[in-house]
Structures are given as C-alpha cells and as structure tokens.
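As the structure lists them, so they are numbered: ligands from 1, and atoms in each ligand from 1.
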Amino acid sequence: MNHLTKNLTLESLEHWLRQDNAAELEKLWAAADAVRREHVGDAVHLRGLIEISNYCVRQCAYCGLAVTNPYLERYRMTDEEILECARQAHQFGYGTVVMQAGEDYGLETDRIARLVQAIKAELPLAVTLSLGERNPQELALWRTAGADRYLLRFETSDPELYAMIHPPRPGQTYSRFDLLRILRQLGYEVGSGVMIGIPGQTYRTLAHDILKFEQFDLDMIGVGPYIPNPLTPLGRGEEPLCIDPEQQVPNSELMAYKVIALTRLVCPQANIPSTTALATINRDNGRELGLSRGANVVMPNVTPVKYRTRYEIYPGKACLNETAQACQGCLKGRIRALGRFVGQGPGGRVR
Ligand code: 5AD
Ligand code: FES
C-alpha cells in the first residue's frame, strides 16, 4: 500500500504524509532524490523574482498583501526599475525572471504586455508572470506579447476551506482551476501549488492536492509551509474551520519536505522550487534540504531592498534585507556545496 511507485493512491499519499518513522522517511527522501536526478538532472535553475507591486484587491485571509491590511505601505515599481532588475537577473546568469504582484489592476494590461515585450526584445530570458486571477483576454494578450509561464497557486483543493479563506471578487466568472486550464490552452507553462498546514487543512485534503498536481500535469509546482501573519484574520486565529485536531496538517518543516518529495514522485518532470517560505522556517539549510528531497529550482529575489521589505506576505521572510547580489553569491555557493550545479538557459519543463 505504501510502496514508492509512481502511481501513488490517495491512501498511500495520506499514509506517507502521516509517516513519522525516521527510517521510512529516509526511503522517501532517497526515492524523491533519485526520481529528481533521473528526470530533471542535477541542474538547479534560478528564477529571478521581481516583486513589481504589493497592491492587491483581494481579501485572502492568510496573506499580508490583502487589501484588508491597512498597515502595509504600498508600492508599484516603474518600468525602468523593473527592466533594471531583469538586466541584473541576466547578469547574474539567471535564465528566467518572474514578475510577481498582488492582484493589482493598477498594473494595466497594456503596460504588462509592453514590459514583457521589452524584456524579451532585450534579454534572452524566459518570462514568468504571477499576477493573480486576471481575465482570459489579458492572459492571452500577455502570452502573445511573449510571456512563457504563469504561476497561480490553487492553495487548497477543498472547496469549503478555499471559500472560507479566499472571498470571491464581485462578478468573478472563473475559478482558479478554470484559469489553470485556460493558461494551458493559451500555451503557457503552467505553475500552481498549495500552502501546507493552513488551519482547516486535513491530511486527506492535502493528499487530494497532490493528486491534483498529477491530474493537471503541472509544469511547475510551488509548495511551502503556511506562516501565520498577525496582520491577517487567519493569523489572528479568526475564522478557524473546525476540524478534528487529529486530521489537521501541521505547518511544519518536516511536512513541507514530505509534500515536496511526494510531489516529485507523482510529477517526475515538474520544476519544483525550494521555496522562500521553507527558507524562512529553516534559515540554516531549509533550501538545501528542499533541493535534496525533490526540488530542482530556487527563486532568488532581485527586487530592490527598499521594496522587498514591503512585500510582506508573512513576517520574517528570508533575505528581507539582503541585496540581489548577496543572494546570488549565497545561493550559488549553497548549490555547489550540495554537489549540484546552476542550470543554464531558461530551464523549461522537460518532456
Ligand atoms: N504563509 C505562507 N505562504 C503564503 N502565501 C500567502 N500567504 C502566505 C502565508 N501566510 C503564499 C500563497 C500565494 C503565494 C504567493 O504565497 O500560496 O499563492
Ligand atoms: Fe538571500 Fe542566501 S539566498 S542571502
């Protein structure tokens, strides 16, 4: 039942998520590491993350960028600042830039299209967008402008939990799952993922989430521990979904590794980052352990320091006061120390 085959069932995924035996877990790490090496190799691809705006119209109960947080000082980067970050990412040898923001309609459709075009015309970079639940017409325009990839986490596959922590926008037509399908039809490489240990998330739900990664045949899968933010309703302990404590997934470091490893087993070819949230809960070697247990991507921040301190999705984010230059040196050193190497080129989905 609990064999580490490619065809993991709901029951065996749940079994592994509950596994706490160190010797058994060693088998899981080894299996994930072997599958990672076989399918995507020893390269670690670096994606330069540009946090272009921290405005957001949404009210997600867990996220510090939500419009409901009055304490956050808001910013929106200029075109020239964004282009400068992209140039720097290229100089560092990163093959991709990720433009990420809250769901900010002050980032106009045409402006994003022009920015994508400008980056693609000047630099040999893959461009990933992570701008929230924008409408299909905009997504299509940005694809035509040259955007290669889009990230939109579905956060949880449990509709009841999702509804509780993620109020809809008035007049909203498309669910995140609809948008993931649309992105695929538009020819994007599609990335999604979930948080681990949100209050109300059960082991069964999390096993379902992992099966969803497989069903959607996702190209990129980002998973990280939920980190409570005291400036959010969920972080203050409001609106908890009442579930049996035995069923609640902990937002622990160990659980994050289990999810990364199982994700690698069900999606052998996916690009899987060792996330900032993981580095935040273990600054010493969280990123390395993620890379050793299934991950093959890191997303170093290239946002200017004056802005990155304000992109506070959750408190205590790793690298908050580091320069892009410092993160570059730090990460390359860590990757080499693991016996891995920095991937060259865009590092797209292998098939
Ligand atoms: N803890 C951890 N991850 C979070 N995210 C949002 N809020 C938190 C939090 N409090 C994640 C979500 C989102 C991504 C950009 O950051 O999964 O999709
Ligand atoms: Fe930013 Fe190490 S990755 S300082």
Side-chain angles (χ1 to χ4, degrees), residues 44 46-49 51-54 56 58-66 68-69 72 92 94 98-104 128-133 150-157 161-162 165-166 176 179-180 191-199 201 209 220-237 251-253 255-256 259 273-288 290-291 298-303 305 308 311-335 337 342:
V44 176
L46 299 178
R47 323 293 200 197
L49 178 65
E51 295 158 334
I52 64 175
S53 158
N54 70 351
C56 189
R58 305 302 293 258
Q59 307 179 22
C60 307
Y62 46 84
C63 179
L65 304 195
T68 36
N69 178 4
L72 193 69
F92 291 155
Y94 306 166
V98 182
M99 286 199 263
Q100 188 175 77
E103 199 166 301
D104 174 16
T128 303
L129 299 177
S130 178
L131 303 174
E133 298 173 39
Y150 203 97
L151 303 177
L152 182 66
R153 290 189 181 178
F154 63 80
E155 315 294 3
T156 172
S157 59
L161 177 59
Y162 186 82
I165 61 178
H166 200 271
R176 289 201 179 191
L179 290 172
L180 291 173
S192 194
V194 300
M195 285 174 290
I196 300 159
I198 325 164
Q201 182 185 52
D209 295 347
M220 303 167 284
I221 304 161
V223 295
Y226 162 68
I227 301 173
N229 183 336
L231 299 178
T232 63
L234 207 63
R236 284 191 294 265
N251 61 338
S252 66
E253 186 185 351
M255 190 59 64
V259 179
S274 190
T275 54
T276 306
L278 185 53
T280 297
I281 59 170
N282 177 352
R283 275 159 206 273
D284 294 339
N285 63 351
R287 254 191 286 249
E288 284 90 333
L291 288 172
V298 179
M299 297 171 67
N301 203 322
V302 294
T303 313
V305 172
R308 76 167 75 176
Y311 202 81
E312 209 174 7
I313 294 181
Y314 46 78
K317 220 170 102 184
C319 303
L320 209 59
N321 293 300
E322 303 299 334
T323 62
Q325 180 84 42
C327 289
Q328 182 227 189
C330 169
L331 281 175
K332 287 182 179 168
R334 288 171 188 250
I335 290 165
V342 175

For the residue pair [X] and [Y], establish whether any side-chain heavy-atom pair is separated by less than 4.5 Å.
{"X": "Thr276", "Y": "Asn301", "result": "no"}
{"X": "Pro233", "Y": "Gln59", "result": "no"}
{"X": "Asn251", "Y": "Ile227", "result": "no"}
{"X": "Tyr314", "Y": "Thr232", "result": "no"}
{"X": "Leu152", "Y": "Leu180", "result": "yes"}
{"X": "Val194", "Y": "Phe154", "result": "yes"}
{"X": "Ile165", "Y": "Leu234", "result": "yes"}

Numbering as shown, the atoms of ligand 2 that approach Arg287 to under 4.0 Å (heavy-atom distance):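 Listed by number with element: 3 (S).
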
Neighbouring protein residues of ligand 1 - any heavy atom closer than 4.0 Å: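 Protein residues near ligand 1 are Tyr62, Cys63, Arg153, Glu155, Met195, Pro225, Tyr226, Ile227, Ile313, Tyr314.
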
Distance, nearest 0.5 Å, that separates CG of Leu65 from CD of Glu103: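 It comes to 11.5 Å.
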
Separation between CG of Asn282 and CZ of Arg287, rounded to the nearest 0.5 Å: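 It comes to 10.5 Å.
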
Listed protein N/O/S atoms, distance to atom 1 (Fe) of ligand 2 under 2.8 Å: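 Near atom 1 (Fe) of ligand 2, the protein supplies Cys319 SG, Cys327 SG.
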
Lys/Arg N to Asp/Glu carboxylate O, Arg176 vs Glu133, below 4.0 Å: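 Yes, Arg176 and Glu133 are salt-bridged.
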
Proximity flag Gln328 to ligand 2, non-hydrogen atoms under 4.0 Å: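 No, Gln328 has no heavy atom closer than 4.0 Å to ligand 2.
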
